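See below for the structure under consideration.
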Amino acid sequence: MAANAAHAQEDPSKYPTHAIHIVVGFTPGGGNDLIARIVGQKLSDSLGQPVIIDNKPGGGAIVATEYVAKSQADGYTLLVGASGAMAINPAVYTKLSYDPVKDFVPVSELGSFPLILIVNAASPIKSVADLIAFAKAHPNETNYSSSSAAFQLVTELFKQKTGAPMQEIPYKGANDSVMAVISGQVTATIADAGPVSGQVKGGLVRALAVTSPHRAEDFPGVPTLTEAGTDVDAVLWSGIFAPRQTPPAIVKKLQSELMRIAREPDVVARLKPLGIQPVGNSSEEFARILSSDIARWTEVARAGNIKIEQ
């Protein structure tokens, strides 16, 4: 405890003087964990101190997020915060043990995750318009798989904008969600590119649209949902957050390093195959995105009467 107090009183201009811990709310091997490890190594190289990745999975990343919120605000405990934990959870949980705005300062968005709307390759549904028409003609037979509240709310936004009735079928993970489409258990799903790309390229599923504002480089022939006439534009993101009272000089130093790292060619080359679009924006820009997304997803959840009791 005395050591932590001493660290908190360090001269910010000398930061860092010892190991930095980046906390990830998911198990090793997933997109957020890989971002943390790729960026963490680069951060260690440039700052000259070890960067340790701490995986604290559980409760939709609530365990990790609460842990960092209550940590010493000295720049030595950081969070890889995904939009699910930071913007979606506040929209759907009736009670949450942390406040993403009051308890954290956004440092830099590291990457965004374009999502892809897919159906089974053998399905008669060939387009977004087909899916909407099919759902309206078969409201009791049209369903979708979802592995988290984030994917559920994006799909809910699609439903609200198009009037297409679709029932949610929850699954434990993104791969399970995609497999449900392949096996014919569900009509469709919206998932991130990581678990979907191989299945699309292998001909097991058909990509109807991407949810991002622009077409995906890997799928230039797949339209955006906006191009498909649905007025839906949604991406998930992941970035670095620090406890709210972290000294501004430390936040600025980390921001500068992360913005540079996200643009390095080898980092871009490692993230793109994972379906991650590198970003590297400023703390102010990231804060605006966070605030906007919380407001947007809260409205979607309210309109869809989606609540999670904890």
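Note that the structure is predicted; figures quoted are calculated from it, not measured. Sequence positions, counted from 1, serve as the residue numbers for this chain.
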Take atom CD of Q167 as the centre, draw a 6.0 Å sphere, and report whether it contains more than 12 heavy atoms from other residues, nucleotides or ligands. no

Distance-only donor-acceptor check, side chains Y76 and T17, under 3.5 Å: yes

Is V101 close to S291 at the side-chain level, that is, under 4.5 Å between some pair of heavy atoms? no

Under 3.5 Å, side chain of S83 to main-chain N/O of L236, donor-acceptor pair present? no

What distance do T224 atom OG1 and H214 atom NE2 have between them, rounded to the nearest 0.5 Å? 9.5 Å

Polar side-chain atom of T226 near backbone of D231 as donor-acceptor pair, under 3.5 Å: no

Please confirm whether Y144 and F151 have ring centers closer than 6.0 angstrom. no

I need the minimum non-hydrogen distance between M259 and G280, along with the two atoms involved. CG-O, 3.5 Å

Are a donor atom and an acceptor atom from the side chains of S97 and E66 found within less than 3.5 Å of each other? yes

Looking at side-chain heavy atoms only, is the closest gap between V279 and F286 below 4.5 Å? no

Please check if the number of heavy atoms outside K161 that lie under 6.0 Å from its NZ is greater than 12. no

Please find the pair of heavy atoms, one from P16 and one from L47, that lie closest to each other, and give the distance. CG-CB, 3.8 Å

Using only atom types and a distance under 3.5 Å, with no angle test, would you say the side chain of N89 pairs donor to acceptor with the backbone of G60? yes

Please check if any side-chain donor atom of S238 sits under 3.5 Å from a side-chain acceptor atom of N32, or the reverse. yes

A quick test of your reading: do over 12 heavy atoms of other residues, nucleotides or ligands sit less than 6.0 Å from CD of Q245? no

Do S146 and T155 have side-chain heavy atoms sitting under 4.5 Å apart? no

Closest heavy-atom pair, M166 versus K159, reported as atoms and distance to 0.1 Å, is O-NZ, 2.9 Å

Minimal non-hydrogen separation, P106 against L290, with atom names: CG-CD2, 4.2 Å

Taking NZ, NE, NH1 and NH2 as the nitrogens, is one of them in D266 or R270 under 4.0 Å from a carboxylate oxygen of the other? no

Would you mind reporting whether E109 and I289 have side-chain heavy atoms less than 4.5 Å apart? yes

Nearest 0.5 Å, please: how far is CD1 in I125 from CG in L208? 7.5 Å

Heavy atoms of A174 and D192 approach each other most closely as CB-OD1, 4.2 Å

Measuring from atom CZ of R288 to atom OG of S283, what distance do you get when rounded to the nearest 0.5 angstrom? 10.0 Å

Is it true that E264 and R260 make a salt bridge, defined as a side-chain N closer than 4.0 Å to a carboxylate O? yes

Has the side chain of S183 got a donor or acceptor atom that lies under 3.5 Å from a matching backbone atom of A180? yes

Judged by atom type as modelled, is there a donor-acceptor pair below 3.5 Å linking the side chain of K56 to the main-chain atoms of V23? no

Does K70 make a cation-pi contact with Y98, if we ask for NZ or CZ under 6.0 Å from the ring centre and within 45° of the axis? no

Identify which one of T298, V300, I308 satisfies the side chain to side chain contact (heavy atoms under 4.5 Å, CB included) criterion when paired with V92. I308

Please confirm whether the backbone N or O of S145 pairs with a side-chain atom of T189, one donor and one acceptor, at under 3.5 Å? yes

Donor-acceptor pair, T142 side chain versus P139 backbone, under 3.5 Å? no

Does some side-chain heavy atom of F26 sit less than 4.5 Å from a side-chain heavy atom of N55? no

Does any non-hydrogen side-chain atom of N175 lie less than 4.5 Å from one of S147? no

Residues V80 and A36: closest non-hydrogen pair is CG2-CB, 3.7 Å

Side-chain (R206) to main-chain (V119) donor-acceptor, under 3.5 angstrom: no

Trace of the side-chain hydrogen bond (donor to acceptor under 3.5 Å, both in side chains) decision for E309 with T94: CA-CA 6 Å; E309 304 286 343; T94 54; 3.2 Å; yes

Under a 3.5 Å distance rule, please check whether N143 uses its side chain to pair with a backbone N or O of E168 as donor and acceptor. no

Check whether the side chains of S112 and Q277 place a donor and an acceptor atom closer than 3.5 Å, and report yes or no. no

Applying side chain to side chain contact (heavy atoms under 4.5 Å, CB included) to V196 and F219, what does each step give before you reach the verdict? CA-CA 11 Å; V196 168; F219 303 101; 5.8 Å; no

Taking the side chain as every heavy atom from C-beta outward, state whether I62 and Y93 have any atom pair closer than 4.5 Å. yes

What distance do T211 atom OG1 and D233 atom CG have between them, rounded to the nearest 0.5 Å? 7.5 Å

Does I88 form a side chain to side chain contact (heavy atoms under 4.5 Å, CB included) with Q152? I'd like the steps, not just the answer. CA-CA 10 Å; I88 305 280; Q152 182 184 7; over 6 Å; no

Distance check, rounded to the nearest 0.5 Å: L131 atom CG versus K136 atom NZ? 10.5 Å

Pairwise distance CH2(W237) to CG(D293) - rounded to 0.5 angstrom: 6.0 Å

Any donor-acceptor N/O pair, S71 side chain to Y67 backbone, under 3.5 Å: yes

Within-4.5 Å side-chain heavy-atom neighbours: L254 and Y15: yes

